[in-house]
Amino acid sequence: MTKRAGHRLPFERVALLLQGGGALGSYQAGVYQALAEGNVHPDWVAGISIGAINSALIAGNAPEQRVGKLRDFWETVSAPPLGAFGAAYNPFLKTLDDHTHRLLNQTRAFGIMMLGTPGFFTPRAPLMPFLPTTEAAEMSYYDVSALKTTLERLVNFDRINAGEMHFGVGAVNVKTGNFIYFDNVTTKIRAEHIIASGALPPGFPAVEIDGEYYWDGGLVSNTPLQWMLDQRPRLDTLALQIDLWSARGEMPRDVIEVDSRVKDIRYSSRTRAATDQYKRAQKLRLAVAEVLKHIPAKLRSSEEVKLLASEADDKICNIVQLIYHTRSYEGIAKDFEFSRRTMLEHWDAGYGEAQRAMQHPEILRRPSREQGVQTFDFSNPLKPSVE
């Protein structure tokens with residue numbers, strides 16, 4: 001049961017939707033910690049790529065264990081490959097100028113690219129990815145077998161498959177190009193489904209599931225928002241959308257910032273456009289539901305009226321959006337810079353921004369039937385918007 005301050009939230013569904021974004025994903029872990037401390041617990045969780053991993057850590061553990069398991073995962077993958085050097089959070093780095101900070105980030109990212117990340121991925125032999133092979137699992141720069149071990153250590157898949165929480169992760173069929181969600185309602189979820197959702201080529205290999213091969217869902221859609229909105233039956237919903245890429249940003253100042261901005265645009269998956277489209281569609285459904293009340297009984301059996309009735313409803317939804325905003329010094333390596341210092345920066349950013357959002361109690365209140373859908377955009381912490 002979803003509660004806050006001892007009261008059940010006035011929604012039929014509380015959905016946590018986690019975008020993909022590699023090393024940026026500890027931002028989502030920080031957001032979840034703030035939600036848990038505010039006693040806001042989702043009964044639906046869905047993710048893409050690193051969002052799929054965070055989703056599995058949440059759905060695959062008891063509520064009181066989730067933050068600890070998230071912390072365990074992120075400390076595991078941010079441990080330095082060569083030992084203790086750089087593991088500690090150094091307050092001095094907060095005083096660095098952006099140029100020096102960027103140089104430090106790129107240096108650490110280069111080390112991760114060369115050495116991999118503990119509990120996640122390791123580099124293959126230099127020439128191996130370019131050699132002819134019939135093994136799909138070898139067609140990548142990195143081996144992700146360590147991730148399977150990490151997931152099986154930290155995630156209780158029996159709990160996910162018991163269905164206490166609705167769970168889904170998105171992936172793309174390599175041969176057909178079709179997007180698919182592996183849903184615990186229709187699929188027995190295993191570690192392979194989570195790894196497939198984050199199998200971004202050519203870095204990571206395609207994952208075989210029941211004779212088919214899958215890549216990262218972010219190749220088609222990097223956010224599970226539309227999937228949740230399309231579910232039937234529709235329910236009164238509080239949707240917590242935690243994005244790692246911002247569609248809006250500043251004009252780049254150099255080539256490095258150009259590459260970074262391209263990633264933001266590509267992987268933001270037009271979340272705002274999907275939200276606006278849903279708001280309009282729900283207003284139309286509300287209007288149709290109202291008009292149908294005045295249709296004469298003798299017309300209600302017509303196929304056209306039945307079609308309209310199948311789409312009409314008076315469900316309401318609050319969509320609360322938190323978006324990580326890249327710091328100017330992070331650069332193009334921001335999604336694979338898994339250093340401990342950067343992981344903590346992202347976690348703290350998510351925790352702080354979610355705490356500020358929770359100070360707006362209206363996000364947990366039902367909109368009126370006339371409003372239908374309300375959106376709360378906390379992407380600008382100095383000026384959050386409500387529509």
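Note that the structure is predicted; figures quoted are calculated from it, not measured. Residue numbers run from 1 in the order of the sequence given.
- Between the side chain of Thr187 and the backbone N or O of Asn184, no donor-acceptor pair lies under 3.5 Å.
- Between Trp227 and His166, the ring-plane angle classifies as perpendicular under the 30° and 60° cut-offs.
- Hydrophobic clustering (ILVMFWY, side-chain heavy atoms < 4.5 Å, transitive): Trp44 and Leu235 are in distinct clusters.
- Exactly one residue among Tyr181, Tyr214, Phe157, Phe182 makes a ring-ring contact (aromatic ring centres under 6.0 Å, His included) with His193. That residue is Phe182.
- With hydrogens and angles ignored, the 3.5 Å screen pairs no side-chain donor or acceptor of Asn105 with any backbone N or O of Ser339.
- With contacts defined as side-chain heavy-atom distances shorter than 4.5 Å, the pair Val305/Leu292 qualifies.
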Steps toward side-chain hydrogen bond (donor to acceptor under 3.5 Å, both in side chains) verdict (Asp143, Thr122): CA-CA 5 Å; Asp143 182 333; Thr122 54; 5.0 Å; no

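- Panel note: side chain Gln33, backbone Val67; no donor-acceptor pair is recorded below 3.5 Å.
- A donor-acceptor pair under 3.5 Å is formed between the side chain of Asp43 and the backbone N or O of Val14.
- Between Glu330 and Arg327 no salt bridge is recorded (no basic side-chain N to carboxylate O distance below 4.0 Å).
- Asn161 places a side-chain N or O within 3.5 Å of a backbone atom of Ile189 that can act as its donor or acceptor partner.
- Counted by atom type alone, Gln28 and Tyr32 present zero donor-acceptor pairs between their side chains at under 3.5 Å.
- Note: Phe120 CZ to Tyr142 OH = 11.5 Å, rounded to the nearest 0.5 Å.
- Ile160 contributes atom CD1, which lies 12.5 Å from atom CZ of Arg190 (distance to the nearest 0.5 angstrom).
- Contacts classified as salt bridge (Lys or Arg N to Asp or Glu O under 4.0 Å) and involving residues 155-166 (residues at least two apart or in different chains) are given here: Arg159-Glu164.
- Salt bridge present: Asp264 and Arg261 bring a charged side-chain N and a carboxylate O closer than 4.0 Å.
- Here the straight-line distance linking atom OG of Ser49 with atom CH2 of Trp215 works out to 14.5 Å at 0.5 Å rounding.
- Atom OH of Tyr267 sits about 6.5 Å away from atom CG of Leu219, to the nearest 0.5 Å.
- Side-chain atoms of Gln371 come within 3.5 Å of backbone N or O of Ser368 as a donor-acceptor pair.
- The ring pair (Phe, Tyr, Trp, His ring centres under 6.0 Å) test applied to Tyr324 returns Tyr27, His346, not counting sequence neighbours.
- A side-chain contact (heavy atoms from CB on, under 4.5 Å) with Phe110 holds for exactly one of Gln106, Arg108, Met114; it is Met114.
- No side-chain donor-acceptor contact under 3.5 Å links Thr342 to the backbone of Phe338.
- No donor-acceptor pair closer than 3.5 Å links the side chain of Ser197 to the backbone N or O of Ala52.
- Rounding to the nearest 0.5 angstrom, the gap separating the CG atom in Leu70 from the CG atom in Leu154 is 9.0 Å.
- Ion pairing between a basic and an acidic side chain is recognised when a charged N comes within 4.0 Å of a carboxylate O; Asp236 and Arg13 show no such pairing.
- Panel note: side chain Ser310, backbone Leu307; a donor-acceptor pair is recorded below 3.5 Å.
- Between the side chains of Lys334 and Ser260, at least one donor-acceptor pair of N or O atoms lies under 3.5 Å.
- Separation of atoms OG1 (Thr117) and CD1 (Ile112) is listed at 5.0 Å; rounding is to 0.5 Å.
- Between Arg285 and Glu290 there is no salt bridge, since no side-chain N of the basic residue sits under 4.0 Å from a carboxylate O of the acidic one.
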Going through the checks in order, is the side-chain hydrogen bond (donor to acceptor under 3.5 Å, both in side chains) test met by Gln282 and Asp313? CA-CA 8 Å; Gln282 194 59 22; Asp313 68 54; 2.5 Å; yes

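- Side chains of Gln19 and Thr223: no donor on one and acceptor on the other come within 3.5 Å.
- Taking the ring axis of Trp74 as reference, the NZ or CZ atom of Arg340 does not stay both within 45° of it and closer than 6.0 Å to the ring centre.
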